[in-house]
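All remarks here apply to the structure that follows.
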There are 2 protein chains.
Amino acid sequence: MRKIADSTVRRLSLYLRLLEEFAHEGVETVSSQALARRGGTTAPQVRKDLSFFGSFGMRGMGYRVPELVSRLRDILGLEREYVVVIVGAGKVGSALAQFREFASRGFNISAAYDHDPAKIGREWEGIAIRDVARLDRDLAARPADIAIVAVPAEGAQPVTDRLVAAGVRAILNFAPVPLAVPADVTVKHVNMVLELETLSYALRHR
Amino acid sequence: MRKIADSTVRRLSLYLRLLEEFAHEGVETVSSQALARRGGTTAPQVRKDLSFFGSFGMRGMGYRVPELVSRLRDILGLEREYVVVIVGAGKVGSALAQFREFASRGFNISAAYDHDPAKIGREWEGIAIRDVARLDRDLAARPADIAIVAVPAEGAQPVTDRLVAAGVRAILNFAPVPLAVPADVTVKHVNMVLELETLSYALRHR
DNA sequence: GGATGTGAATGTCTTCACAGCT
DNA sequence: AGCTGTGAAGACATTCACATCC
């Protein structure tokens with residue numbers, strides 16, 4: 001399959017959420033127009049995004065909601081569940097571990113890791129905090145699909161190397177440093193300060 | 001000033017962080033090449049990004065680190081401090097309120113708001129949780145530059161309307177719904193589930 | 001020599017317009 | 001008539017190449 005833009009994938013994820021909303025409201029059929037309106041985008045954009053993956057609609061009618069939901073779940077890889085580990089049990093790790101939406105979407109957090117003895121052995125909402133020294137052995141026993149890196153800047157690259165060596169191929173990075181990984185590993189970088197800075201830029205330039 | 005792409009602004013913010021790192025290491029001068037290497041981008045990209053705002057380097061030499069830091073801080077609007085309110089004192093709001101990097105970057109959280117009586121009156125690390133009913137009056141007395149919306153989906157649009165009416169012109173939205181705002185208000189949407197979904201897409205397509 | 005700054009070329013994403021199906 | 005699906009046009013972003021200056 002040819003390369004799909006990240007922006008397109010993000011919109012597909014948005015469409016899926018909107019469609020589930022429509023389904024919940026009992027709507028059976030939806031037009032690209034209606035989806036676009038609710039998603040803050042345009043109808044041609046919706047159709048183009050979907051057309052990269054096939055023809056899911058009916059001309060003159062629109063899209064059948066349940067069908068499009070399952071198509072999108074399939075495209076996004078959401079028909080299966082994922083094992084997720086969190087590395088770093090600080091503020092960010094803790095907030096993410098307790099985040100209900102993850103589990104309800106099929107992203108199951110198997111454990112959190114830290115090296116602080118005061119935290120090891122405790123648990124948050126059923127998620128155990130384990131010694132980061134055990135990370136490699138644990139992953140050998142129970143591989144993870146996705147890792148969330150929520151450690152301080154210095155520790156991020158070393159722990160990433162260990163995760164990659166253990167077979168993790170997708171990483172959500174909250175540490176404020178770019179991570180170096182092999183080409184077959186995907187990294188998404190999240191940085192709240194940077195988001196606020198884009199807002200301060202917007203406030204300044206008018 | 002002509003319109004600058006969001007991707008450019010995000011990179012400027014990245015460059016600033018990297019430059020502060022270089023400064024901390026005692027580096028006085030840096031080339032676009034060196035910045036690019038550390039930031040995971042390319043040298044022409046760095047030069048182009050900067051050139052939208054002026055000529056800050058010295059041919060043959062590179063950029064003087066302290067000067068470029070202050071130029072970037074100026075461009076990004078970081079020479080001043082910002083008053084930030086958080087609406088919604090759940091898991092997300094709490095994690096953000098306790099997030100040290102905000103204050104150290106000049107984003108000062110003045111208060112958090114909720115309507116749960118069990119939370120109102122408590123405080124997190126010196127940040128008071130106040131009754132959301134007081135939001136409008138409080139903002140009239142002490143205007144906020146930026147609001148962080150961390151309430152459930154249903155409540156997001158109504159509270160946004162109140163924030164906008166109270167003069168807030170920049171919003172960081174954690175609620176899983178697009179927010180409608182006037183054209184002079186900037187909204188940044190943050191959604192962790194969506195980030196994980198782009199990772200599951202990446203895992204699925206290879 | 002070495003590195004910036006930038007117009008031009010290339011590549012990528014979005015928008016448009018309309019043929020084609022229901 | 002209504003709405004999708006898509007090739008083509010247009011807008012936008014990135015990369016390149018090189019003139020320019022220290």
| Can you list the residues that meet the side chain to side chain donor-acceptor pair (under 3.5 Å) rule with A:D74, with sequence neighbours excluded? | B:R204

| request: Determine whether B:V190 and A:M192 make a side-chain contact, defined as any pair of heavy atoms from C-beta on separated by less than 4.5 Å. | output: yes

| message | Could you tell me how far apart A:F56 (CZ) and D:dT6 (P) are, to the nearest whole angstrom? | response | 10 Å

| query | Hey, does the side chain of B:R169 reach the backbone of B:V185 with a donor-acceptor pair shorter than 3.5 angstrom? | reply | no

| query | At what distance, to the nearest 0.5 angstrom, does CD of B:Q98 lie from CD1 of B:I127? | reply | 8.0 Å

| query | Side chains of A:S32 and A:R47: donor-acceptor distance under 3.5 Å anywhere? | reply | yes

| task | Return the nearest nucleotide to the side chain of A:S7; candidates are C:dT14, D:dG5, C:dT6. | result | C:dT14

| query | Could you give the NZ-to-P distance, from A:K48 to D:dT6, as a whole number of Å? | reply | 8 Å

| Protein-nucleotide distance (A:L50, atom CG; C:dT14, atom P), rounded to Å | 14 Å

| said: If you count every heavy atom of other residues, nucleotides or ligands that lies below 6.0 Å from A:E79 atom CD, does the total exceed 12? | reply: yes

Check: protein-nucleotides 18-22 of chain C nitrogen or oxygen pairs below 3.5 Å:
residue, atom, partner, partner atom, Å
C:dG20, N3, A:R59, NH1, 3.3
C:dT22, O4', A:R59, O, 3.0

| task | Strictly below 4.0 Å, heavy-atom distances to any atom of DNA chain C: list the hits from residues 62-71 of chain B, or just say none. | result | B:G62, B:Y63

| task | Check side chain to side chain donor-acceptor pair (under 3.5 Å) between B:D49 and all other residues, then give those that pass, not counting sequence neighbours. | result | B:R11, B:Y15, B:Q45

| request: Find the distance A:I4:CD1 to C:dG11:P and express it as a whole number of Å. | output: 19 Å

| task | May I have the step-by-step check of side-chain contact (heavy atoms from CB on, under 4.5 Å) for A:L203 and B:I146, ending in yes or no? | result | CA-CA 9 Å; A:L203 288 172; B:I146 299 173; 3.9 Å; yes

| request: Would you sort out whether B:E195 and B:N191 count as a side chain to side chain donor-acceptor pair (under 3.5 Å), showing the intermediate values? | output: CA-CA 7 Å; B:E195 303 298 338; B:N191 183 338; over 6 Å; no

| field | Side chain of A:A5 (C-beta onward), nearest among D:dG5, C:dG5, C:dC13 | value | C:dC13

| said: Both conditions, 6.0 Å and 45 degrees, for the charged tip of B:R134 above the ring of B:Y113: are they met here? | reply: no

| remark: Rounded to whole Å, the CZ-P distance (B:F52 to C:dG7) equals 11 Å

| request: Output the residues of residues 25-46 of chain B in contact with DNA chain D, where contact means a heavy atom of the residue under 4.0 Å from an atom of the strand; sort by number or write none. | output: B:T42, B:P44, B:Q45

| Under the side chain to side chain donor-acceptor pair (under 3.5 Å) test, residues paired with B:R80 that sit two or more places apart | B:D145

| message | In this structure, how many angstroms lie between the P atom of C:dC13 and the CG atom of A:D6, rounded? | response | 10 Å

| Can you tell me how far P of D:dA13 sits from CG of B:L12, to the nearest Å? | 13 Å

